[in-house]
Visitor: 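Handing you a structure now.
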Protein chains: 2
Amino acid sequence: MTNVDLQKINAVEPEARAGDARAEAFQGVRVARRNELAEDYVELIAELIHNQGEARPVDIATKMGVTAPTVAKTLGRLARDGLITRAKYRSVFLTEEGRALAKECRHRHEIVLRFLIRLGLDPETAEHDAEGIEHHVSERTLALFAAFANRS
Amino acid sequence: MTNVDLQKINAVEPEARAGDARAEAFQGVRVARRNELAEDYVELIAELIHNQGEARPVDIATKMGVTAPTVAKTLGRLARDGLITRAKYRSVFLTEEGRALAKECRHRHEIVLRFLIRLGLDPETAEHDAEGIEHHVSERTLALFAAFANRS
DNA sequence: GCCAAAAGTTAGACAAGGCTAACAATCTGC
DNA sequence: GCAGATTGTTAGCCTTGTCTAACTTTTGGC
């Protein structure tokens, strides 16, 4: 379900040249990297809408730690990819697809975060590391993380 | 020690605008992303030298799953950044700094991999996920991973 | 020792994701 | 209801990381 979404978003990765497992792993990582930014934006937009009632570019810029023009350009790509809608000089909305992606990201983020804290990490470092790790965790690993976080 | 290396390699990230913790986290992730490719290359080069006696661009290309010109350009950047040396039409060598980085990366990779396997993941998925995760694990988290992997 | 194949390089294109500078629209306080 | 502050956009530049096409160098088989 969610993987379908991700694949739709991605431009196709030129198929692995050889049957080299390593090469495929790296290509997988490259694909993941292409989506990281979109995922971060969509997740943040959902959060802003939830907390503030709307997602304004200026707040996105502040939270992401980038400049306003960078946000504008990135939002253009997100709109092109069907994840958001927006009108000039107005705030941003998620499409159905964007909402689905945001939900999935939030879910993954939650699990990774709880897992790290359960492992004994302080909440601040956990938040920081979760931000980086969450995009590189397979379904299988996520399930193990969840099990660990929830064990009695 | 190793962090110093990483910082030397990086162009400076424009310092965090506000004192926003989230923004800093994202900026940290961006910095990490900038180094991922260099780390992957250096790690692979070290491995090739160890296993094959030398690191040839054609093998790097195969293992990384990219084309030869891509490798050439990337090696140019690595040389510029003082991680490797090379002569035209010859194979690649690591500098002292490159070797240090490779060693650190290998160490981190090992720990993440052993951790994931210990958690119950099959070795193949573990290898795949470790490739993505290893670049986003703080010292503190790495220590917890190591402890978990080594517990009796 | 030559010549074809393999390996390496160079040139040039393109998209993403950053930035600054300059301009346009909206909002707000009086 | 207008002026100044805030917010948003556009234009243009840069680097990274990918590609293909075309060329050069090295290597290896006979």
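Lettering of chains follows the sequences in order, A, B, ..., and the numbering in each one begins at 1.
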Visitor: Among E131(A), E127(A), H128(A), E47(A), whose side-chain hydrogen bond (donor to acceptor under 3.5 Å, both in side chains) with R22(B) holds?
Guide: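 In the set E131(A), E127(A), H128(A), E47(A), the residue that makes a side-chain hydrogen bond (donor to acceptor under 3.5 Å, both in side chains) with R22(B) is E47(A).
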Visitor: Using whole Å, report how far CD1 of I60(B) lies from P of dT9(C).
Guide: 10 Å
Visitor: Hey, does the side chain of R30(A) come within less than 4.0 Å of dT18(D)'s phosphate (OP1/OP2), counting only N and O?
Guide: yes
Visitor: Can you confirm if the NZ or CZ of R151(A) lies within 45° of the ring axis of F148(A) and under 6.0 Å from the centre of its six-membered ring?
Guide: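 Yes, R151(A) sits over the ring of F148(A).
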Visitor: Between E39(A) and R34(A), does any side-chain N to carboxylate O distance fall below 4.0 Å?
Guide: no
Visitor: Within this structure, what is the CZ-to-P distance between R90(B) and dA6(C), rounded to whole angstrom?
Guide: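 The distance from CZ of R90(B) to P of dA6(C) comes to 18 Å, rounded to the nearest Å.
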Visitor: Could you tell me how far apart D81(B) (CG) and dT16(D) (C1') are, to the nearest whole angstrom?
Guide: 11 Å
Visitor: Among dT20(D), dT10(C), dA21(C), find the nucleotide with the atom closest to the side chain of P69(A).
Guide: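 For P69(A), the side-chain atoms sit closest to dA21(C).
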Visitor: Please state how far atom CG in L75(B) lies from atom P in dG8(C), giving the value in whole angstrom units.
Guide: 10 Å
Visitor: CD of E54(B) versus P of dA7(C): gap in Å, rounded?
Guide: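 So the CD-P distance, E54(B) to dA7(C), works out to 11 Å.
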Visitor: By the 4.0 Å heavy-atom rule, please label R33(A) as base, sugar-phosphate, or nothing.
Guide: nothing
Visitor: Between D129(B) and R140(A), is the closest basic N to carboxylate O distance under 4.0 Å?
Guide: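 Here R140(A) does not pair with D129(B) in a salt bridge, since their nearest N and O are not under 4.0 Å apart.
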Visitor: Taking any heavy-atom pair under 4.0 Å as a contact, classify R77(B): base, sugar-phosphate, or nothing.
Guide: base
Visitor: Taking for each residue the nucleotide of DNA chain C with the nearest heavy atom, is it V58(B) or Y89(A) whose nucleotide lies nearer the 5' end?
Guide: V58(B)
Visitor: Just to confirm, is there a sub-4.0 Å distance from OP1 or OP2 of dC19(C) to any side-chain nitrogen or oxygen of T70(A)?
Guide: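 So the side-chain polar atoms of T70(A) do come within 4.0 Å of the phosphate oxygens OP1 or OP2 of dC19(C), strictly under.
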Visitor: Does K88(A) have a side-chain nitrogen or oxygen under 4.0 Å from the phosphate oxygens OP1 or OP2 of dT26(C)?
Guide: no
Visitor: In whole angstrom, what separates M64(A)'s CE from dC19(C)'s C1'?
Guide: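 Answer to the nearest Å: 15 Å.
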Visitor: Within the pair R80(A) and dA16(C), is there a side-chain N or O less than 4.0 Å away from OP1 or OP2?
Guide: yes
Visitor: Assess whether one donor atom and one acceptor atom, taken from the side chain of K73(B) and the base of dT18(D), lie less than 3.5 Å apart.
Guide: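 Such a pair is found, so the answer is yes.
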Visitor: Just N and O in the side chain of T74(A): are any of them under 4.0 Å from OP1 or OP2 of dG17(C)?
Guide: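 Indeed not, no polar side-chain atom of T74(A) lies that close.
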Visitor: Choose from dG17(C), dT10(C), dT18(D) the nucleotide whose nearest atom is closest to any side-chain atom of V66(B).
Guide: dT18(D)
Visitor: Tell me the interatomic distance from R86(B), atom CZ, to dT10(C), atom C1', rounded to whole angstroms.
Guide: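 Rounding to the nearest Å, CZ of R86(B) and C1' of dT10(C) are 12 Å apart.
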Visitor: Let me know the distance between CG of N35(B) and C1' of dG17(D), rounded to the nearest Å.
Guide: 15 Å
Visitor: Using 4.0 Å as the upper bound for N to carboxylate O, is an ion pair formed by R108(A) and E104(A)?
Guide: yes
Visitor: Just checking R56(A): base, sugar-phosphate only, or nothing, at a heavy-atom cut-off of under 4.0 Å?
Guide: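 Sugar-phosphate contact only.
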